[in-house]
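All ligand and atom numbering here is 1-based and tracks the order in the structure.
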Amino acid sequence: DVVENYLNRIDKVEDKVGSILKIMGEQSLKSACALDEKGVKAEGLMGIPYGLKDNISTDGVETTCASKMLANYIPPYNATVVEKLQKSGSIIIAKTNMDEFAMGSSTENSRFKKTHNPWNLDKVPGGSSGGSAASVAAGEVAFSLGSDTGGSIRQPASFCGVVGLKPTYGMVSRYGLIAFASSLDQIGPLTKDVKDCAIVLNAISGHDEKDSTSVKTQTKDYTSNLSKEIKGIKIGVPKEYFQEGLNEEVKKSVEDAIDYYKEMGAEIIPTSLPYTEYALSAYYIISSAEASSNLARYDGIRYGYQAENFDNLIDLYRKTRSEGFGEEVKRRIMLGTYALSSGYYDAYYKKALQVRTLIKEDFDKVFKTCDIILSPTCPTTAFGLGEKSNDPLAMYLSDIYTVPVNISGIPAISIPCGFDKNNLPIGLQLIGRPFEEEVLLKVGYSFE
Ligand code: GLN
């Protein structure tokens with residue numbers, strides 16, 4: 001019944017929202033019936049339907065990265081997170097729309113369709129996990145998974161009024177996640193509330209020998225720490241996250257959240273993360289450099305799209321990649337290839353890595369005196385469809401508060417903290433020490 005209810009809801013609203021690339025109707029009903037027949041107890045994620053970003057591999061089911069390059073690609077294996085969710089009894093009902101290869105902040109870079117923000121259909125849902133966020137906000141799925149390389153879980157969560165967590169790098173296996181920038185990518189949950197987020201994190205986290213960057217940590221129950229009691233917690237508020245470019249209504253809403261925490265007995269500590277201003281530049285060099293290398297595998301020979309007419313091998317590569325990749329993906333490949341080329345390596349890529357260390361050290365210093373850091377998730381609420389499509393730099397600025405977290409490998413959560421005058425959701429970002437997701441979840445839970 002639960003799966004059927006969600007499928008009915010998809011039937012009703014998907015025409016308007018457009019968050020889904022593939023509905024797994026029959027397959028999901030079959031899985032649900034199998035659980036019913038087994039007579040399993042309805043607890044935890046048992047029988048709960050979810051949506052999966054379409055860059056996470058599903059055995060026997062198209063996984064397209066919203067790209068023409070992978071339009072007909074069917075992986076022969078499941079990502080580890082999919083296996084884990086299957087074990088928990090959760091049922092996948094949809095593969096969700098995204099920016100092509102997770103590059104973007106509005107989901108408008110999908111080669112297949114536009115996704116609309118459920119709060120206002122003329123606005124973007126954010127990106128790149130826009131389909132994952134919108135499907136949760138529209139009630140089409142109970143929760144979803146996204147991937148976050150520079151903000152792609154938290155920014156759409158903020159725009160769609162849902163909770164989104166980017167876990168510590170290495171917490172959740174990346175095996176089966178189609179790579180964008182391997183040193184930054186991390187899979188995480190998008191949910192209705194913080195408790196659901198903790199439940200999903202319980203299911204998907206943990207060491208995986210198939211991912212060499214996966215970390216061996218002791219397993220925790222992330223739901224056990226949730227309480228309203230946060231007295232004495234030290235919350236750092238970095239001044240760099242409240243400067244020019246921050247929308248006034250967003251600022252006000254985040255300041256109200258700070259007042260709430262003060263009343264609850266938290267200690268609010270004004271802090272500074274001085275290297276913040278270089279984070280976006282470093283991110284676009286590092287992520288594009290890694291992308292140019294990761295995307296070299298799409299050559300039209302091994303798998304994926306192949307151009308129809310070609311004269312020779314080089315011509316095959318050129319045509320396949322020209323036709324298979326969209327504009328933004330090509331822009332990143334060119335940027336990354338340039339930054340890695342021998343004459344410019346030191347000036348760009350090496351420099352960006354040095355900046356990366358400085359940004360990480362900024363956080364380390366603040367975490368000596370603060371338990372968590374609080375900021376807006378994004379400088380604005382959801383913008384209009386088409387508003388920034390022709391201005392990549394304006395689009396990139398949407399991630400100004402989220403990228404430093406990926407650069408540093410630390411965890412952060414976005415939780416809804418209010419609405420602007422147009423009734424668009426505003427997101428609050430809480431940033432934590434590595435592997436201290438339970439602190440983020442607790443402080444987030446207290447605010448709900
Ligand atoms: N919007 C950022 C980008 O375009 C972040 C993407 C992401 O986190 N996958 O690179």
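The protein residues lying under 4.0 angstrom from ligand 1, judged by non-hydrogen atoms, are Ala102, Met103, Gly104, Ser105, Ser128, Asp148, Thr149, Gly150, Gly151, Ser152, Phe180, Tyr283, Tyr284, Arg332, Asp399.
Proximity of the aromatic rings of Tyr298 and Phe101 is defined here by a centroid distance below 6.0 angstrom, and this criterion is met.
At least one side-chain heavy atom of Ile431 sits under 4.5 Å from a side-chain heavy atom of Phe367.
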Item to check | Criterion salt bridge (charged side-chain N to carboxylate O under 4.0 Å, His left out) on Arg321 and Asp299, from CA distance to verdict | outcome: CA-CA 7 Å; Arg321 290 170 68 83; Asp299 55 8; over 6 Å; no
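Of the possible polar contacts, none joining the Gln429 side chain to the Ser414 backbone as a donor-acceptor pair under 3.5 Å is found.
Between Tyr401 and Tyr241, the ring planes are parallel. Angles under 30° get that label, and only those over 60° would be called perpendicular.
Scored by the side chain to side chain contact (heavy atoms under 4.5 Å, CB included) test, Glu327 finds Lys330 as partners (sequence neighbours excluded).
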